[in-house]
Novice: 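Below is the structure I would like to discuss, written out as structure tokens.
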Amino acid sequence: MVKAAVLGASGGIGQPLSLLFKASPLVDELALYDVVNTPGVAADLSHISSVAKISGYLPKDGGLERALTGCDVVVIPAGIPRKPGMTRDDLFKINASIVRDLVTGIAQFCPKAFILIISNPVNSTVPIAAEVLKNAGVFDPKRLFGVTTLDVVRAETFTQEFSGLNNPSDITIPVVGGHSGETIVPLFSKATPALQIPADRYEALVKRVQFGGDEVVQAKDGAGSATLSMAYAGFRFAESIIKAVKGQTGIVEPTFVYLPGVPGGDEIAKATGVDFFSTLVALNATGAEKAINILDGITPQEEKLLKACTEGLKGNITKGVEFISSPPK
Ligand code: NAD
Ligand code: LMR
């Protein structure tokens with residue numbers, strides 16, 4: 001039996017993500033939580049003839065506790081999205097406390113759940129979640145994940161003309177680092193099958209993966225950021241987690257984890273100088289079984305990208321940690 005919860009379920013990501021969960025045969029129970037509209041979203045989805053039993057909760061009447069109790073997997077897309085001209089870091093002021101409070105609920109009501117954080121800025125919200133769980137004495141780094149799958153999905157899509165594959169997702173391209181501008185590092189040299197990218201196209205391709213989110217923010221012109229592609233990517237990652245929970249082996253996903261708490265992570269922390277980093281992670285029923293170091297043998301161009309990434313990431317991580325260790329007055 002798998003119970004999943006979506007926190008922020010009435011939003012632009014939350015609704016299509018909840019639809020994908022409801023349609024999945026892997027989910028037995030689905031709880032939707034938001035500060036608005038969940039009764040309506042849950043009623044609508046409840047007419048779909050799939051296995052998952054669905055319920056919607058608001059904060060009143062202990063809604064968060066009822067949504068989270070018994071959960072195996074909790075996905076958090078709660079929080080405000082960007083408008084044109086904003087960075088993801090500009091969302092920190094509002095989203096930091098939303099994530100802090102929701103993870104406080106998880107620590108209390110389902111401390112063993114796998115936690116998947118979508119809310120931006122991911123580079124800071126995941127460290128916030130880790131600190132909250134540590135303070136509550138329930139931090140298991142193998143169960144906390146920042147969802148960076150959209151960067152991988154974009155890399156697959158934007159390189160299709162070079163891979164020549166009919167289905168863009170048939171290529172595997174590791175994207176490491178964080179989830180924001182220059183902290184996003186696509187490792188095209190590690191693609192399988194191998195990619196031949198003309199030298200004069202490389203830089204633009206890297207920039208497109210790093211700043212793909214801006215394309216959507218600009219096109220939506222004030223109405224938010226990526227929602228549908230994010231729901232696709234978020235569910236792709238969540239489905240891998242659920243399959244691993246159910247005992248499937250051999251699943252590897254790139255995701256943003258706390259390196260010192262995941263086997264194999266220390267080596268990557270040493271190489272990068274950061275404790276939180278997105279890398280390939282082998283998943284099993286206990287969560288992140290092993291962080292895989294794919295940084296050996298990267299090209300000099302990728303080395304340069306990695307340096308810019310870790311410089312940016314350090315500040316983002318510290319900001320998240322300090323939000324909990326020295327809360328703003
Ligand atoms: P949205 O505004 O459409 O939806 C957010 C939802 O969160 C709303 O329904 C809102 O009511 C709810 N919410 C706010 N405070 C809450 C609380 N305390 N408890 C529960 N629910 C709460 O925004 P969106 O487009 O769905 O984006 C959500 C977040 O996801 C943003 O921070 C965005 O930047 C981020 N995002 C991340 C990625 C990624 O790759 N990780 C991709 C796209 C968007
Ligand atoms: C994305 O990459 O699309 C998201 O992080 C949303 C954003 O703000 O760009």
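Just so we're clear, the structure is a prediction, and the values are computed from it rather than from any experiment. Indexing begins at 1, ligand by ligand and atom by atom, following the structure's order. Along the sequence shown, the residues carry numbers beginning at 1. Both backbone and side-chain heavy atoms feed into the values below; hydrogens, waters and symmetry mates do not.
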Novice: Testing Tyr258, Phe276, Phe237 one by one against Phe145 for a ring pair (Phe, Tyr, Trp, His ring centres under 6.0 Å), which residue passes?
Specialist: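 In the set Tyr258, Phe276, Phe237, the residue that makes a ring pair (Phe, Tyr, Trp, His ring centres under 6.0 Å) with Phe145 is Phe237.
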Novice: Heavy-atom pairs closer than 4.0 Å: do any link ligand 1 to the side chain of Pro77, the backbone, both, or neither?
Specialist: backbone
Novice: Quick one: pull up OG in Ser163 and CG in Leu195 and give me the separation to the nearest 0.5 Å.
Specialist: 6.0 Å
Novice: If you count the atoms of ligand 1 from 1 in the order shown, which ones are under 4.0 Å from a heavy atom of Tyr33?
Specialist: 19 (N), 20 (C)
Novice: Check each of Gly8, Gly79, Ser229 against atom 14 (C) of ligand 1 and report the one with the nearest heavy atom.
Specialist: Gly79
Novice: Look at atom 22 (C) of ligand 1 and say which protein heavy atom is nearest, naming residue and atom and giving the distance to 0.1 Å.
Specialist: Ala78 CB, 3.7 Å
Novice: Are any of the heavy atoms in Arg82 under 4.0 Å away from ligand 1?
Specialist: no
Novice: What residue and atom, counting heavy atoms only, is the protein's closest point to atom 17 (C) of ligand 1, and at what distance?
Specialist: Val35 CG1, 3.7 Å
Novice: Is the side chain of Asp72 donor-acceptor paired with the backbone N or O of Lys3 at a distance under 3.5 Å, no angle test?
Specialist: yes
Novice: Which residues satisfy the side chain to side chain donor-acceptor pair (under 3.5 Å) test with Lys220, sequence neighbours excluded?
Specialist: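 With sequence neighbours excluded, Lys220 shows a side chain to side chain donor-acceptor pair (under 3.5 Å) to Thr227, given in chain and number order.
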Novice: Looking at Val36, which atoms of ligand 1 are within less than 4.0 Å of one of its heavy atoms?
Specialist: 11 (O)
Novice: Can you tell me which portion of Val122 lies within the under-4.0 Å heavy-atom range of ligand 1? Options are side chain, backbone, both, or neither.
Specialist: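 Within the 4.0 Å criterion, Val122 contacts ligand 1 through side-chain atoms alone.
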Novice: Please check whether Ile118 reaches ligand 1 - meaning an N/O of the residue sits under 3.5 Å from an N/O of the ligand, judged on distance alone.
Specialist: yes
Novice: Checking the side chain of Gln15 only, and the main-chain atoms of Ser10 only, is there a donor and an acceptor separated by less than 3.5 Å?
Specialist: yes
Novice: Would you say that more than 12 heavy atoms from the other residues, nucleotides or ligands in this model lie under 6.0 Å from the NZ of Lys83, or not?
Specialist: no
Novice: Within a distance under 4.0 Å of any heavy atom of Thr227, pick out the atoms of ligand 1 and give their elements.
Specialist: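 Result: 25 (O).
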Novice: Hey, is CD on Glu215 packed in by over 12 heavy atoms from elsewhere, all under 6.0 Å?
Specialist: yes
Novice: Could you check whether Lys134 pairs with Glu131 (Lys NZ or Arg NE/NH1/NH2 to Asp/Glu carboxylate O, under 4.0 Å)?
Specialist: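 Salt bridge: yes.
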Novice: Is the NZ atom of Lys304 crowded by more than 12 outside heavy atoms at less than 6.0 Å?
Specialist: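 Not more than 12 within 6.0 Å, no.
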Novice: Gly11 to ligand 1: N or O pair under 3.5 Å?
Specialist: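 There is such a contact, yes.
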Novice: Tell me: protein heavy atom nearest atom 13 (N) of ligand 1, and distance?
Specialist: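 Looking at atom 13 (N) of ligand 1, the protein heavy atom closest to it is Asp34 OD1, 3.9 Å.
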Novice: Hey, are Ser24 and Glu239 close enough side-chain-wise for a donor-acceptor pair under 3.5 Å?
Specialist: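 No, because no side-chain N or O of Glu239 sits under 3.5 Å from a partner of the opposite role on Ser24.
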Novice: Among Leu144, Ile76, Val138, Leu64, find the residue that satisfies the side chain to side chain contact (heavy atoms under 4.5 Å, CB included) test when tested with Ile106.
Specialist: Ile76
Novice: So which residues, sorted by chain and number, lie with a heavy atom under 4.0 Å of ligand 2?
Specialist: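 Answer by chain and number: Arg82, Arg88, Asn120, Leu150, Arg154, His179, Gly213, Ser225, Ala226.
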Novice: Applying the side chain to side chain contact (heavy atoms under 4.5 Å, CB included) criterion to Leu280, which one of Thr255, Asn293, Ile292, Leu187 satisfies it?
Specialist: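 It is Ile292, the one option of Thr255, Asn293, Ile292, Leu187 that forms the side chain to side chain contact (heavy atoms under 4.5 Å, CB included) with Leu280.
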Novice: For Asn120, is at least one N or O under 3.5 Å away from an N or O on ligand 1?
Specialist: yes
Novice: Is any NZ, NE, NH1 or NH2 atom of the basic residue among Glu311 and Lys307 found under 4.0 Å from an Asp or Glu carboxylate oxygen of the other?
Specialist: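 Answer for the salt bridge query: yes.
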Novice: Looking at Thr38 and Tyr33, would you say the former's side chain and the latter's main chain have a donor-acceptor pair under 3.5 Å?
Specialist: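 Absent.
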Novice: Pairs of nitrogen or oxygen atoms closer than 3.5 Å, one from Leu150 and one from ligand 1: do any exist?
Specialist: no
Novice: For Met230 and ligand 1, does the shortest N/O to N/O distance drop below 3.5 Å?
Specialist: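 Not met; the criterion fails.
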Novice: Please list, in number order, the atoms of ligand 1 under 4.0 Å from a heavy atom of Ala226.
Specialist: 43 (C), 44 (C)
Novice: Ring centroids only, cut at 6.0 angstrom: are Phe188 and Phe162 within range, meaning strictly under it?
Specialist: no
Novice: For ligand 1, which atoms have a heavy atom of Leu91 less than 4.0 angstrom away?
Specialist: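 Going through ligand 1 atom by atom, the ones under 4.0 Å from Leu91 are 34 (O).
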Novice: Pick one of side chain, backbone, both or neither for how Arg88 approaches ligand 1, counting any non-hydrogen atom pair under 4.0 Å.
Specialist: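 Neither; nothing of Arg88 gets under 4.0 Å from ligand 1.
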Novice: Please name the pair of heavy atoms, one in Ala5 and one in Ala67, separated by the smallest distance, quoted to 0.1 Å.
Specialist: CB-O, 4.2 Å
Novice: Is Gly224 close enough to touch ligand 1? Criterion: a residue heavy atom under 4.0 Å from a ligand atom.
Specialist: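 Distance cut 4.0 Å: Gly224 fails for ligand 1.
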Novice: Tell me whether Asn123 contacts the main-chain N or O of Leu313 through its side chain, where contact means a donor paired with an acceptor under 3.5 Å.
Specialist: no
Novice: What residue and atom, counting heavy atoms only, is the protein's closest point to atom 30 (O) of ligand 1, and at what distance?
Specialist: Ile13 CD1, 3.4 Å
Novice: Using a strict 4.0 Å threshold on nitrogen-to-oxygen distance, state whether Arg208 and Glu161 make a salt bridge.
Specialist: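 So Arg208 does not pair with Glu161 through a salt bridge.
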Novice: Starting from atom 2 (O) of ligand 1, locate the nearest protein heavy atom and write down its residue, its atom name and how far away it is, to 0.1 Å.
Specialist: Pro81 CD, 3.4 Å
Novice: Looking only at N/O atoms, are Asn95 and ligand 1 under 3.5 Å apart anywhere?
Specialist: yes
Novice: For atom 15 (N) of ligand 1, which of Ile80, Val41, Leu64, Ile98 has the closest heavy atom?
Specialist: Ile98
Novice: Which atoms of ligand 1 have any heavy atom of Gly12 under 4.0 Å away?
Specialist: 1 (P), 3 (O), 4 (O), 26 (O)
